[in-house]
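Below is one structure, written out as structure tokens; comments come after it.
When reading the values below, keep in mind they use all heavy atoms of this one structure, side chains included, and skip hydrogens, waters and symmetry mates. A note on names: the letters A, B, ... follow the listed sequences, proteins ahead of strands, and every chain is numbered from 1.
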2 protein chains.
Amino acid sequence: MILKSQVEWALHCCAILAGLPDGRYLSTKALAEFHGLPKEYLSKALQGLSQAGLVDTSLGPSGGYRLAKPPAELTFLEIVEAVEGRQRTFVCTNIRANNPCRPKDHCDSSPCAVARIMWEADEAWRAKLRGVKLSDLVGILSQEVAPELWKSSFEWVLERAG
Amino acid sequence: MILKSQVEWALHCCAILAGLPDGRYLSTKALAEFHGLPKEYLSKALQGLSQAGLVDTSLGPSGGYRLAKPPAELTFLEIVEAVEGRQRTFVCTNIRANNPCRPKDHCDSSPCAVARIMWEADEAWRAKLRGVKLSDLVGILSQEVAPELWKSSFEWVLERAG
DNA sequence: TTAATCAAGGATAAAGAATATCCTTATTTC
DNA sequence: GAAATAAGGATATTCTTTATCCTTGATTAA
């Protein structure tokens with residue numbers, strides 16, 4: 001059970017978009033080049049962000065993506081779910097129903113206890129991601145990334161932002 | 001990102017094994033029949049439990065599986081990891097290293113911040129599963145499952161336990 | 001002693017998901 | 001009008017999951 005690599009891509013792309021000046025856009029091409037990713041496939045991840053309403057898009061030269069809201073209001077969970085989907089990691093196939101001792105007309109009043117426990121763990125995972133804002137990531141990166149690299153990356157992006 | 005169905009199977013099988021009288025074993029065949037699962041494939045999941053040391057096995061007629069320790073000492077996490085593996089759900093491919101602004105000799109002192117956050121969510125998921133014991137599940141089931149069904153299932157198992 | 005049963009595990013196959021790549025379309029900018 | 005863009009459909013490739021089948025060695029019961 002491993003998350004799609006597109007989740008990693010989307011998070012990094014959002015971190016870059018968070019540094020974009022107001023009203024500017026950054027294209028798939030630039031994002032793909034910056035992260036060394038296949039442009040066409042990265043595009044699918046960005047489309048996911050777009051469909052979820054997390055980013056705005058613009059067409060034509062100087063078009064691309066920008067965040068649809070401030071980084072402090074965008075959670076990790078939103079980004080992860082936009083790409084990975086909202087399905088729970090544990091799928092209950094209700095195998096208790098196969099119990100040979102069961103009467104044919106037996107009906108369960110509640111979801112399987114096993115599933116409920118597994119779903120609680122799922123929810124703990126989601127709660128953790130819901131508690132982290134994109135702005136938190138940017139804050140950490142601004143501390144950790146070497147100042148020269150931080151600065152040159154910012155300039156690299158600005159040169160390509162429409 | 002969805003857990004293997006074998007995780008569900010293993011949890012339900014452990015719940016059944018928890019009700020087994022001391023010293024008795026239950027075979028793959030009986031467990032597969034009780035849950036309506038393919039015997040050969042379920043066997044792989046049970047082998048996982050065995051390799052992780054969560055169950056003891058016995059060969060020959062009257063052989064099969066039993067828990068290696070009391071249900072109160074067996075956590076959901078142990079069972080899930082025995083089948084699903086211990087790899088984290090988020091794999092970091094370190095795409096920050098592809099940044100075109102990076103000097104060739106640049107070296108990162110710590111794991112990527114994105115990965116660290118995703119791994120914390122992973123750990124929250126694990127912590128939740130670590131906090132649930134197999135005995136907790138049995139306690140819930142003993143309350144929820146209709147008494148007649150609970151009793152007949154117990155007898156069904158006993159008839160087949162070696 | 002013999003026959004039946006069991007877990008372990010190797011080999012292989014089928015189905016589905018993840019990871020791409022290519023192409024068309026409509027829109028926007030210059 | 002030309003170039004660049006996002007959106008998205010079609011297709012291909014690779015990897016994982018989900019099986020199935022068979023062999024081996026151990027154990028038990030008759």
Side-chain angles (χ1 to χ4, degrees), chain A residues 1-10 13 17 23-33 35-66 68 80 82-85 87 89-91 93 95 160-162, chain B residues 1-10 13 17 23-33 35-68 82-85 87 89-91 93 95 160-162:
Chain A
M1 183 189 62
I2 294 180
L3 287 161
K4 304 189 219 190
S5 55
Q6 288 191 336
V7 169
E8 181 188 17
W9 303 356
C13 285
L17 294 181
R24 316 268 306 261
Y25 295 89
L26 196 62
S27 69
T28 306
K29 189 186 169 199
L31 286 165
E33 193 180 340
H35 294 112
L37 302 173
K39 191 188 104 173
E40 304 285 352
Y41 192 33
L42 171 62
S43 170
K44 305 294 183 185
L46 297 173
Q47 283 172 40
L49 297 178
S50 175
Q51 284 161 8
L54 307 184
V55 296
D56 293 330
T57 67
S58 168
L59 290 176
S62 84
Y65 297 90
R66 69 179 179 200
V80 170
V83 172
E84 185 66 39
Q87 191 174 25
T89 67
F90 182 87
V91 174
T93 63
I95 61 176
R160 287 156 182 87
Chain B
M1 184 189 63
I2 294 182
L3 287 162
K4 303 191 217 189
S5 55
Q6 288 191 338
V7 169
E8 181 187 16
W9 303 357
C13 286
L17 294 182
R24 315 271 301 262
Y25 294 89
L26 196 62
S27 69
T28 305
K29 188 185 168 199
L31 286 166
E33 192 181 340
H35 294 113
L37 301 174
K39 191 187 103 172
E40 305 285 350
Y41 192 34
L42 172 61
S43 170
K44 306 293 183 185
L46 298 173
Q47 283 172 39
L49 297 178
S50 175
Q51 284 162 7
L54 307 184
V55 296
D56 292 331
T57 67
S58 168
L59 291 176
S62 84
Y65 297 90
R66 69 179 179 202
L67 295 182
V83 171
E84 185 66 40
Q87 190 173 25
T89 67
F90 182 87
V91 174
T93 63
I95 61 175
R160 287 156 181 86

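- Here B:S27 does not reach the OP1 or OP2 of C:dA7: none of its side-chain N or O atoms lies under 4.0 Å away.
- Taking atom CG on B:L46 and atom C1' on D:dA19, their separation rounds to 15 Å, with Å as the unit.
- Atom CD in B:E33 sits about 11 Å away from atom P in C:dC6, given to the nearest Å.
- A:K44 has its NZ atom 11 Å from the C1' atom of D:dA6, to the nearest Å.
- Although no hydrogens or angles enter the test, the distance criterion places no donor-acceptor pair under 3.5 Å between the side chain of A:R160 and the main chain of A:A30.
- At a threshold of 4.0 angstrom between heavy atoms, the contacts of A:G162 with the nucleic acid are absent.
- One can place CG of A:L42 at 14 Å from C1' of D:dT5, the figure rounded to the nearest angstrom.
- With a 4.5 Å cut-off on side-chain heavy atoms, A:Y65 and A:T28 count as touching.
- Between the NZ atom of A:K39 and the C1' atom of C:dC23 there is a distance of 12 Å, rounded to whole Å.
- Between B:L49 and B:L46, some side-chain heavy-atom pair lies under the 4.5 Å cut-off.
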Contact list (N/O, under 3.5 angstrom) for nucleotides 22-30 of chain D vs protein:
from	atom 1	to	atom 2	distance (Å)
D:dC22	N4	B:E40	OE1	3.3

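- Residues A:V55 and A:C13 are not in side-chain contact: their nearest non-hydrogen atoms beyond the backbone lie 4.5 Å or more apart.
- Contact annotation: A:Q51 side-chain N/O to D:dA7 OP1/OP2 distance is not under 4.0 Å.
- Residues A:A10 and A:V83 approach most closely at CB-CG2, 3.6 Å, considering heavy atoms.
- Here CZ of B:R66 is found 14.5 Å from CG of B:L54. Values are rounded to the nearest 0.5 Å.
- Counting only heavy atoms from C-beta on, A:T57 has its side chain closest to D:dA6 among D:dA6, C:dA8, C:dG10.
- In this structure, OG1 in B:T57 is found 10.0 Å from CD in B:Q47, a value given to the nearest 0.5 Å.
- Atom P of nucleotide C:dT27 and atom CG of A:D56 are separated by 18 Å, given to the nearest angstrom.
- Using a 4.5 Å cut-off on side-chain heavy atoms (C-beta onward), A:Q6 and A:Y41 make contact.
- The interatomic distance linking A:R160 (CZ) with D:dA4 (P) rounds to 15 Å, in whole Å.
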Please list each protein N or O that sits under 3.5 Å from an N or O in nucleotides 14-19 of chain C, with the distance.
from	atom 1	to	atom 2	distance (Å)
C:dT19	OP1	A:S5	OG	3.4
C:dT19	OP2	A:S5	N	3.4

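- Nucleic acid contact for B:Y25: none, since no nucleic acid atom lies under 4.0 Å from a heavy atom of the residue.
- Rounded to whole Å, atom P of D:dA10 lies 14 Å from atom CD of A:Q47.
- For B:I95 against A:E8, the heavy-atom pair with the smallest separation is N-OE2, 3.9 Å.
- Within the 4.0 Å cut-off from OP1 or OP2 of D:dA7, not a single side-chain nitrogen or oxygen of A:S43 is found.
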